[in-house]
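Below is one structure, written out as structure tokens, with a few remarks after it.
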There are 2 protein chains.
Amino acid sequence: MANIKDVAERAGVSVATVSRVLNGLSPVAATRDRVLAAVAELGYRPNNVARALRTARTGALGLLIGDLTNPFFTELADAVEDEARSLGYSLVIGNAGESPQQQDDHIRTLIDRRIDGLLVSSAGTGSPVLREIAAAGTPLVLLDRAVDGLDVPCVRADGRAALADLAAHFAALGRRRPAIIVAPAGTRTGADRLRFFREALRPYGIELPDERVGSTPDLQPTGGRRVMRGFLDLPEPPDAVLATDNLMALGAMDEIRARGLRVPDDVALVVYDDVPWFRHTDPPLTAIAQPTRELGRAAVHTLLERIEGRPAESVLLPARLVPRRSCGEAGPHSHRSHHDRGHHDNERGSA
Amino acid sequence: MANIKDVAERAGVSVATVSRVLNGLSPVAATRDRVLAAVAELGYRPNNVARALRTARTGALGLLIGDLTNPFFTELADAVEDEARSLGYSLVIGNAGESPQQQDDHIRTLIDRRIDGLLVSSAGTGSPVLREIAAAGTPLVLLDRAVDGLDVPCVRADGRAALADLAAHFAALGRRRPAIIVAPAGTRTGADRLRFFREALRPYGIELPDERVGSTPDLQPTGGRRVMRGFLDLPEPPDAVLATDNLMALGAMDEIRARGLRVPDDVALVVYDDVPWFRHTDPPLTAIAQPTRELGRAAVHTLLERIEGRPAESVLLPARLVPRRSCGEAGPHSHRSHHDRGHHDNERGSA
DNA sequence: TTGTCGCGTGTAATCGATTACTCGCGTTGC
DNA sequence: GCAACGCGAGTAATCGATTACACGCGACAA
């Protein structure tokens with residue numbers, strides 16, 4: 001592959017001149033044309049590795065996501081990439097597979113590669129490595145998932161209002177026994193969602209007792225299904241379930257269907273993250289939609305502020321409730337007793 | 001950030017010695033311990049940019065995929081990443097967004113970054129850039145999508161046998177008016193799937209006329225839905241539809257449901273690519289499963305052969321039919337046939 | 001004419017690692 | 001006792017770019 005020296009020789013100038021022409025610092029048309037001609041003839045492309053070594057800038061951002069096969073994260077990654085590209089950066093995506101250890105591994109690798117900045121949707125609670133690189137001054141921004149005690153800007157969605165709307169929605173539809181499936185204990189995100197939901201229900205006199213709070217160690221369908229199984233085995237099973245991650249919701253749906261129960265007739269289901277797939281299920285699922293693409297964009301901008309040495313603030317964007325049919329329709333017959341599970345076939349074809 | 005010189009000073013040795021210790025070329029315990037102590041105290045990490053410049057190896061592979069939000073590609077990417085990591089490489093994922101131009105952009109960027117080799121799931125037909133870098137000798141392997149006239153190893157699935165099984169399946173269930181939704185004309189993959197399917201149907205005396213061949217420019221639900229609309233408006237609508245991409249199948253399902261029709265009663269539906277989501281639909285969809293993770297693994301190995309200068313062959317792995325309930329009564333009510341989980345996956349997917 | 005200034009280029013240092021070559025010292029063999 | 005050999009470790013070249021500094025030439029003013 002041709003290097004800058006080859007170009008210089010061919011154009012009959014020095015390497016410095018070539019560099020200057022390529023960086024737009026040489027206003028002289030005559031030499032510029034000669035250089036550009038040589039570049040074209042040789043198919044020369046600057047070696048980014050060498051350039052990065054000299055300038056201490058790679059032009060790459062890192063993004064660490066929890067799970068590459070989780071559509072929420074891929075939409076996020078897609079948005080981040082779009083934004084980064086449009087601002088002249090390229091993006092290196094690291095997939096933690098929801099494993100803190102693999103996440104640390106990735107962070108190390110990215111830092112060793114000297115990316116200019118890092119976005120982290122952290123798996124689990126904050127790792128020592130994360131603290132270490134934050135302390136070392138690497139531009140760092142948290143995305144979607146906050147980490148307690150880490151003094152770093154965080155870009156995420158605020159679900160408070162949406163959860164309040166959901167509580168109202170449940171109340172209006174006569175759902176009195178809600179349940180929630182949350183991510184592993186100890187993560188800030190899961191704890192927040194639980195707390196906000198519980199607080200939102202209180203004004204309506206609706207309880208969210210611990211027996212209807214289920215948590216899974218992994219954000220996977222398996223975990224969601226297991227929790228739902230526990231819920232449905234309760235003496236008083238819930239009549240509405242909020243899954244705080246889309247993959248867990250998927251597992252929950254499986255369990256509901258496997259028991260021959262129906263959504264929303266027997267149990268309402270709401271999913272956190274409005275991934276496209278849930279618009280295609282039967283019935284379409286009511287969702288709490290995070291402004292995924294905006295989050296991605298905001299995160300990139302915040303990170304660039306940090307990279308350019310400016311202080312950067314955390315960003316909170318509102319999530320909103322997207323009501324679909326999985327909680328039933330509001331209407332006169334929306335109160336039902338908990339005894340008649342599975343005997344409601346005639347109630348279904350409303351609209 | 002500490003560099004090798006700092007370590008050398010602290011340990012009272014030369015930089016060469018530090019380098020040798022870190023690369024395991026210095027067997028003397030005394031100096032090694034001193035160096036390692038200095039490394040630990042300073043928290044030194046080798047600068048990969050400098051190392052890459054000197055050694056002309058970055059230890060990174062590139063993967064270009066068609067669409068980051070398509071679960072087939074993310075599963076593929078996940079598998080490629082796992083394998084690359086386990087072999088000591090890191091992976092840079094580029095998302096073409098199914099746009100040839102963005103794909104070319106990405107390839108350029110990756111080459112400029114001097115990745116050691118590139119895997120490409122090409123969008124559209126082969127681009128000039130692809131030919132150019134192949135000619136320039138960059139280790140290159142095509143993944144999933146072949147490109148005509150490009151003399152480069154290709155790792156992909158062979159759907160012939162699975163499509164033959166599907167034809168038999170249709171015949172056994174009395175489906176006599178099949179249809180197919182294919183990717184844009186001009187792509188090798190789409191053309192192959194159409195041809196093999198048609199050939200497979202012939203022995204059973206089943207026709208696949210052009211009016212029941214629909215193609216969409218984009219691999220998106222919208223396109224699938226539009227094609228399905230056309231099918232259902234035919235005087236003789238199909239009684240079985242094969243969608244050759246999972247997102248198109250999703251759109252097709254929407255249209256079926258929007259008309260109040262039922263799967264499989266009114267129309268059977270089969271999807272190419274067995275992404276986890278379709279195991280959770282109602283009914284679970286019969287699928288042609290590509291050995292996604294194996295494809296990823298094989299692609300990495302093939303690429304490494306090329307990187308190490310050995311000649312490498314193309315790889316064809318068999319796809320298989322996974323009958324579920326979306327074509328009507330198959331064999332034993334397939335909660336999960338033994339085909340359902342081909343490999344020693346982690347617990348992703350249904351429980 | 002001569003000194004100065006400006007400007008376009010070239011020379012060479014630099015980024016942080018790897019590695020060929022060299023040097024010096026200790027051991028061994030004759 | 002001296003030469004040769006082995007081996008550990010240092011010196012310095014190198015990768016391909018950027019960029020501070022120096023230089024030389026033409027223009028312009030005195």
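Heavy atoms only: backbone and side chains are in, while hydrogens, waters and symmetry mates are out. Here is how names work: the chains are called A, B, and so on, in the same order as the sequence lines, proteins then strands, and each is numbered from 1.
At least one side-chain nitrogen or oxygen of B/Thr17 sits closer than 4.0 Å to the OP1 or OP2 atom of D/dG10. Side-chain N/O atoms of B/Thr55 include none lying less than 4.0 angstrom from OP1 or OP2 on C/dA17. At the phosphate of D/dG16, neither OP1 nor OP2 sits under 4.0 Å from any side-chain N or O atom of A/Asn47. Between C/dT19 and B/Ser19, no contact under 4.0 Å exists linking OP1 or OP2 to a side-chain N or O.
Residue contacts for B/Val13: at a heavy-atom cut-off of 4.0 Å it reaches the sugar-phosphate backbone alone, with no base atom in range. Within the nucleic acid shown, B/Asn23 comes within 4.0 Å of sugar-phosphate atoms alone, with no base atom in reach, counting heavy atoms only.
For B/Arg297 and B/Asp82, the salt-bridge test fails: no basic side-chain N is under 4.0 Å from an acidic carboxylate O. Contact check on A/Arg51 versus B/Asp112 returns no salt bridge, with no Lys/Arg side-chain nitrogen under 4.0 Å from an Asp/Glu carboxylate oxygen.
Where B/Arg54 and B/Ser14 each meet DNA chain D at their nearest nucleotide, the meeting point lying more 5' is that of B/Ser14. Each of B/Arg20 and A/Ala50 lies near DNA chain D, and the nucleotide nearest B/Arg20 is the one positioned closer to the 5' end.
Rounding to the nearest 0.5 angstrom, the gap separating the CZ atom in B/Phe73 from the OG1 atom in B/Thr292 is 10.5 Å.
Minimum atom distance to the side chain of B/Ile4 is reached by C/dT18, of the listed D/dA9, C/dT18, D/dT18. When distances are taken from the side chain of A/Ala16 to each of D/dT11, C/dT11, D/dT18, the shortest belongs to C/dT11.
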Intermediate values then yes/no, side chain to side chain contact (heavy atoms under 4.5 Å, CB included), B/Arg131 and B/Val147: CA-CA 10 Å; B/Arg131 283 165 214 287; B/Val147 170; 4.2 Å; yes

